[in-house]
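Got a structure here, written out as structure tokens. Questions coming.
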Amino acid sequence: MNIDVKKVNICVAVPKDFVDKVRNAVCKVGAGKIGDYSFCSSEVECVGTFIPNKSAQPFIGNKGELEKVDEIKLDFICDAGNIKNVLKEIRRVHPYEEPVITIFPLLSEKDFE
């Protein structure tokens, strides 16, 4: 098996009111392309929790108090060579001081030949 990661799945938790803003920003810099389609993504509703410490500058919630926020986990595909540009755009338009971002390497069927 010869594995060469060419694409990743990026997932970011976003407050519901900011989902379109984040999706548009990342897709405009090349994320969300699958074959002949662009702006491809998926959304899953979730609840994010956090307690901002005394040094935090929370967009939502109060320092020292548990906050629960209705969020959307936004998933999209990204070329491995474009990850840094996409992460930069997420941080530029995302309202949170510290957005939760996960990056998963994707395997291709060709990796198993």
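Basis for what follows: all heavy atoms, side chains included, without hydrogens, waters or symmetry-related copies.
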Pair K28 + E89, salt bridge at N-O below 4.0 Å: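 Looking at E89 together with K28, the answer is no, because their closest N to O distance does not fall below 4.0 Å.
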Distance (rounded to the nearest 0.5 Å) between I83 CD1 and K7 NZ: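 Spacing of CD1 (I83) from NZ (K7) equals 11.0 Å.
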From K6 atom NZ to C78 atom SG, the distance as rounded to the nearest 0.5 Å: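 Atom-to-atom, K6:NZ and C78:SG are 14.5 Å apart.
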Pairs flagged by salt bridge (Lys or Arg N to Asp or Glu O under 4.0 Å) wherever residues 9-18 is involved - sequence neighbours left out: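 Sorted result for residues 9-18: K16-E45.
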Spacing of CD1 belonging to I101 relative to CG belonging to L87, to within rounding of 0.5 Å: 5.5 Å
ILVMFWY network linking V44 to V12, side-chain heavy atoms under 4.5 angstrom: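 Hydrophobic grouping puts V44 apart from V12.
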Plane angle bin for Y96 and F59 - parallel if under 30°, tilted between 30 and 60°, otherwise perpendicular: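 It falls in the tilted class, 30° to 60°.
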Taking every non-hydrogen atom, the tightest pair across G61 and E67: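 Between these two residues, the closest heavy atoms are CA-OE1, 3.3 Å.
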Contact check, side chains of S38 and C27, non-hydrogen atoms, under 4.5 Å: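 No, their side chains stay 4.5 Å or more apart.
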Straight-line distance of E71 CD to E43 CD, nearest 0.5 Å: 13.0 Å
Close side-chain approach of N9 to F76, heavy-atom, < 4.5 Å: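 No, their side chains stay 4.5 Å or more apart.
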P52 side chain reached by E65 side chain, heavy atoms, under 4.5 Å: no
Joint hydrophobic cluster, V100 plus V14, side-chain heavy atoms closer than 4.5 Å: no
Spacing of I90 atom CD1 and L74 atom CG [to the nearest 0.5 Å]: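 One finds 8.0 Å between CD1 of I90 and CG of L74.
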Side chains of K63 and P58 in contact at under 4.5 Å (non-hydrogen atoms): yes
Main-chain N/O of P15 paired with H94 side-chain donor or acceptor, under 3.5 Å: no
V47 versus K68, closest heavy-atom pair with distance: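 Result for this residue pair: CG1-CB, 4.0 Å.
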Salt bridge (charged side-chain N to carboxylate O under 4.0 Å, His left out) partners for E97, two or more places apart: none
N53 (side chain) donor-acceptor with S55 (main chain) under 3.5 angstrom: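 Yes; at least one donor-acceptor contact below 3.5 Å.
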Side chains of V69 and F50 in contact at under 4.5 Å (non-hydrogen atoms): yes
N82 (side chain) donor-acceptor with V29 (main chain) under 3.5 angstrom: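 Present.
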Linked, directly or transitively: V93 and I103 (ILVMFWY side chains, under 4.5 Å): yes
From I77 atom CD1 to I10 atom CD1, the distance as rounded to the nearest 0.5 Å: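 Reported value, rounded in 0.5 Å steps: 9.0 Å.
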T49 side chain reached by L66 side chain, heavy atoms, under 4.5 Å: yes
